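It should be emphasised that the depicted structure is a prediction, and the values quoted were computed from it without experimental measurement.
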Amino acid sequence: ENYDDETLDRYDDMVSKVMYAYVDIDADQQKIDAYAARMKVMLDSLTENKVTVSANIDTYNEFVLANAVDQDLSTRLWTKGTQEPGQYIQFEFRFARELSAIQVISVLNGDRIGKADVEVSMDGTTWTKVSELTDADNQIVEFAPVQAKYVRFLITETKNAWISIDEVIFDPADRSALQQAYEEMAGKDLSAYTEGSTAAFQDILDEAKALLEQLMISEEAIVNIKN
């Protein structure tokens with residue numbers, strides 16, 4: 001969810017072409033090397049769809065708003081004060097994007113959102129409710145696909161607790177096709193190709209794996225934070 005749709009589509013297309021080159025019996029070394037080089041360029045040119053976080057609630061010490069979207073479960077957003085209706089935490093994407101699910105990880109027992117509406121907007125002014133958050137340590141809310149440039153969690157009930165959020169992940173499973181392509185490519189027998197070509201291909205796979213790890217946070221990692 002951290003990259004714009006256009007460049008991710010181009011990346012998926014390139015993954016397919018590289019995978020085809022490695023199973024094409026007519027592909028020569030020059031063709032394979034060319035596809036590997038093009039995929040390297042594609043990885044380097046992905047346009048990151050960064051997320052900016054704002055709120056009308058004060059945060060506590062170093063537990064700043066940006067910690068909720070830093071892809072690091074060892075940090076957290078932590079507000080201070082009682083939860084009151086009308087308070088919100090808002091996320092703005094650099095580019096409008098399609099959303100159909102949001103994962104919210106809040107492992108600190110007690111300081112979780114009691115109840116909140118999940119709303120989306122294209123202009124930051126007109127909002128549409130798409131789901132609700134409840135008091136849970138790890139929840140995924142799903143809804144019909146919608147275009148959004150802004151998302152906010154709007155508190156709807158009073159709760160005598162602060163708000164702690166370890167991570168918010170937008171469309172946590174939307175790269176399943178990329179995961180499948182990566183696994184198929186990683187399992188290919190490269191013994192018939194030159195050492196230089198296979199080394200370049202492995203570098204690409206490593207970068208693809210790193211991208212996938214940015215787009216997904218495992219249940220095991222969440223359990224480790226709890227413990």
Do the side chains of [X] and [Y] join up, straight or via other hydrophobic residues, at under 4.5 Å, putting them in one cluster?
{"X": "Val130", "Y": "Tyr88", "answer": "no"}
{"X": "Val168", "Y": "Leu99", "answer": "yes"}
{"X": "Phe93", "Y": "Tyr150", "answer": "no"}
{"X": "Val120", "Y": "Val141", "answer": "yes"}
{"X": "Phe143", "Y": "Ile113", "answer": "yes"}

Main-chain N/O of [Y] paired with [X] side-chain donor or acceptor, under 3.5 Å:
{"X": "Asp135", "Y": "Gly114", "answer": "no"}
{"X": "Thr79", "Y": "Ile163", "answer": "yes"}
{"X": "Asp117", "Y": "Glu119", "answer": "no"}

(message) side chain to side chain contact (heavy atoms under 4.5 Å, CB included) for Val104 and Phe153? Distances and angles first, verdict last.
(response) CA-CA 11 Å; Val104 182; Phe153 303 154; 3.8 Å; yes
Does the side chain to side chain contact (heavy atoms under 4.5 Å, CB included) test come out yes or no for Asp171 and Arg97, once each step is laid out?
CA-CA 10 Å; Asp171 278 335; Arg97 53 163 296 169; 3.1 Å; yes
Value rounded to 0.5 Å, distance of CD in Glu167 from CG in Asp70:
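Glu167 atom CD to Asp70 atom CG measures 5.0 Å (nearest 0.5 Å).
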_Just checking Asn160: does its CG atom have more than 12 heavy atoms from other residues, nucleotides or ligands closer to it than 6.0 angstrom?_
no
field: More than 12 heavy atoms from other groups under 6.0 Å of CZ on Phe63
entry: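 For Phe63, atom CZ is crowded (more than 12 foreign heavy atoms under 6.0 Å).
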- Item | Closest contact, heavy atoms only, Arg112 versus Gln83 |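 Smallest interatomic distance, heavy atoms only, reads O-NE2, 2.8 Å.
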So do Ile102 and Phe91 actually touch side chain to side chain, heavy atoms under 4.5 Å?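 No, side chains not in contact.
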Discussion item. Closer than 4.0 angstrom, basic N to acidic O: yes or no for Lys80 and Asp58?
Written reply: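 Looking at Lys80 and Asp58, the cut-off is not met.
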Check the pair Val69, Val53 against side chain to side chain contact (heavy atoms under 4.5 Å, CB included), reporting the backbone distance first and the verdict last. CA-CA 8 Å; Val69 291; Val53 189; 3.6 Å; yes
